Amino acid sequence: MRVLVKNGTIVTASSEYQADILIEDEKIAAIGHNFPGPFDKEIDAAGKYVLPGGVDNHAHFEALNTDGVTTNAGYDTTYVALLGGTTTIVDFCTNEPGMNLVDSVKYRLDVRAKGRVAPDLAIHACCTDYTDETLGELKKLVDMGIPTMKLFLAYRGTPLYMDDTKLLACLEEAAKCGMTMMVHAENPDVLDRHRNGEAEKGHLAPKYHYMTRPPYGEAEAVARSIRFADAMGCPICIVHVSCEEAGEEIRRARAEGKAVIGETCPHYLVLDKSKMDHPDWKTAVRWICSPPLRGQEDRDYLWTALNEDWLSVLGSDNSSIPMYQKEWGWDEEKGCCDFRKVPNGCPGAGDRLNALWTYGVAKGRMTKQKFVDVCCTIPAKINGLYPRKGTIQVGSDADLVIFDPDYQGTITLETNPTGIEYNVYEGLEQIGRAETVLLRGQVVVDQAKYVGFPGQGRFIPGKPYGLGYDLLKK
């Protein structure tokens, strides 16, 4: 099948120029002008930008929640990523009950995601049940196309929690096979001290979620992780950085030449902790995520950090928790909401690019090239997917977003679905949108409407020794 995308302005992480794109057999076959027909399909992108399909470094679909028992919204909701211009999600695969990491990945691909995932799918392993066989599995995972793994340093008392002994052992083993380690960095003792202290005073409203997760607890865990990773010779990615204190630990480490990559998320850039002050607890709990939303100073810092490459990636941290699970925060005995019982997480896979373009590019806070870099190119490089994903060049998958910069609207659940009953960005301004999206040359979004089908996405294996190892060599 020959498809021509014509008259658009191509934007990559390093350039911007006008050219046509010829697609053949799911790949970009040529970039230039005056290609001879015939074509099976022609797409006129006049007046619009042609961007690489987004690569979301941080997605949780059908994933273990922070209670260690329940899961969030499933793969049938992954179409929302395509609507928002993301064509590849890198999803976290936690241990299935009673399964090791390798078998859990196989189960996720062959059962959970099979016939259901809409965008293309890459996988991070996510160790939530460390056993004597865990370290021996890391090389097997890399050979399967899983070159990254995440550990949770928070959530003591649940299957997600990993102590320092396990962290060090995983870092040392990962370095031997080209795996990049990722961490959720919050100090669990700091969290327990503040959370339990406030609960003893009867302070249980949703706002105490952010009040009991102080920035110093996040910064300490970030600093410790970087030092451990450096000692073990393993690149590390600190996910969902929310505050200046944590970001400064990464900035200093990068200045010292340490192989650390920082990620933040759109909700930390455009939302703030006041959302959890809402008088209706059922509304307030929608914004309970970890680390928590912060204040204006932290938001301003994170914008600077992205532009300066102290933080390098924008991941959605999509964790779509249905309201019936959020409402488990209600404590019948106390007759009030207990913030400690609310599953952590917010939807966001469909609004990642929207938020960064609207409040970054359109507001003059970020260039279009930086936008592509943090949303597409760098996440592809971290996960060993580049140049198949994350850029526009001959030989790459024909994952393209025809982006209309002139669109203006307001985010609503109807226009920006999340797969559940609410959108945490509801009511915010939106400038620009993905008008047409191609996944490997197939149109999956047309006139901002999803026209693809479940199961259209494929597993895309990643290669080891990703971007973090380039930093290690320096």
Side-chain angles (χ1 to χ4, degrees), residues 56-81 84 86 89-95 108 112-113 116-119 121-126 128 150-155 158-161 182-186 206 209-210 213 218 237 239-242 263-271 275-276 284-293 313-329 339-352 355 379 413 416-426:
D56 190 347
N57 186 62
H58 196 145
H60 297 281
F61 287 94
E62 211 156 307
L64 194 67
N65 285 331
T66 50
D67 59 9
V69 180
T70 58
T71 57
N72 57 19
Y75 285 106
D76 54 337
T77 67
T78 54
Y79 73 93
V80 302
T86 291
I89 58 172
V90 192
D91 201 40
F92 288 95
C93 177
T94 54
N95 286 84
R108 184 159 291 264
R112 287 193 182 275
R116 299 173 64 202
V117 66
L121 173 70
I123 294 288
H124 302 296
C126 188
T128 54
K150 179 182 177 184
L151 301 176
F152 288 90
L153 308 188
Y155 308 125
T158 77
L160 280 68
Y161 173 65
M182 312 173 78
V183 293
H184 174 135
E186 289 183 290
H209 176 73
Y210 71 77
R213 296 183 103 94
E218 183 180 345
C237 178
V239 299
H240 49 47
V241 175
S242 73
E263 173 206 81
T264 191
C265 308
H267 43 282
Y268 299 125
L269 294 171
V270 303
L271 302 175
K275 293 290 187 181
M276 285 170 278
V285 295
R286 298 176 183 182
W287 289 278
I288 287 184
C289 62
S290 295
L293 302 179
V313 186
L314 189 79
S316 71
D317 196 6
N318 181 88
S319 187
S320 300
I321 311 293
M323 278 308 301
Y324 81 89
Q325 290 187 23
K326 287 284 190 179
E327 291 173 6
W328 289 344
F339 72 94
R340 297 171 300 171
K341 296 182 178 181
V342 180
N344 291 199
C346 298
D351 285 298
R352 182 175 67 109
L413 186 61
N416 299 58
T418 61
I420 54 174
E421 308 95 324
Y422 59 92
N423 185 319
V424 294
Y425 302 98
E426 182 90 22

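Note: hydrogens, waters and symmetry copies are ignored here, and every other heavy atom, side chains too, is used. Predicted model only: the values in this text are computed from it and were never measured.
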What pairs with [X] under side chain to side chain contact (heavy atoms under 4.5 Å, CB included), at least two apart in sequence or on another chain?
X      : result
Ala154 : His184, Glu186, Leu191
Pro379 : Val55, Asn57, Val313
Tyr422 : Arg286, Ile321, Met323, Lys326, Pro347, Ile420, Val424

Which pair of non-hydrogen atoms, one from [X] and one from [Y], has the smallest distance, and what is that distance?
X      : Y      : result
Val80  : Ala349 : CG2-CB, 4.4 Å
Ser316 : His58  : OG-O, 3.2 Å
Pro292 : Tyr268 : O-CE2, 3.4 Å
Gly315 : Arg352 : C-CD, 3.9 Å
Val342 : Gly329 : CG2-CA, 3.7 Å
Val285 : Pro206 : CG1-CG, 3.9 Å

Spell out, as yes or no, whether a donor-acceptor pair under 3.5 Å connects the side chain of [X] to the backbone of [Y].
X      : Y      : answer
Thr78  : Ala118 : yes
Tyr79  : Pro119 : no
Asn344 : Ile288 : no
Glu218 : Ser242 : yes

Please step through side chain to side chain contact (heavy atoms under 4.5 Å, CB included) for the pair Leu314 and Asp56, ending with a clear verdict.
-> CA-CA 8 Å; Leu314 189 79; Asp56 190 347; over 6 Å; no

Is any side-chain heavy atom of [X] less than 4.5 Å from a side-chain heavy atom of [Y]?
X      : Y      : value
Val90  : Ile123 : no
Asp317 : Val239 : no
Phe61  : Arg112 : no
Pro291 : Arg213 : no
Asn318 : His60  : no

Would you check if there is a donor-acceptor pair between the side chains of Asp351 and Asn416 at a distance under 3.5 Å?
-> yes

Please walk me through it: do Lys150 and Thr128 pass side chain to side chain contact (heavy atoms under 4.5 Å, CB included)?
-> CA-CA 9 Å; Lys150 179 182 177 184; Thr128 54; over 6 Å; no

Basic-acidic side-chain contact under 4.0 Å: Arg116, Glu62 = yes

Between the CZ atom in Phe152 and the CG atom in Leu160, the distance rounded to the nearest 0.5 Å is 4.5 Å

Kindly compute the distance separating CG (Leu293) from CH2 (Trp287), expressed to the nearest 0.5 Å.
->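 If I round to the nearest 0.5 Å, the distance is 9.5 Å.
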
May I have the step-by-step check of side chain to side chain contact (heavy atoms under 4.5 Å, CB included) for Cys93 and Cys126, ending in yes or no?
-> CA-CA 5 Å; Cys93 177; Cys126 188; 5.6 Å; no

Audit row: Thr264, His240, side chain to side chain contact (heavy atoms under 4.5 Å, CB included) steps and yes/no = CA-CA 4 Å; Thr264 191; His240 49 47; over 6 Å; no

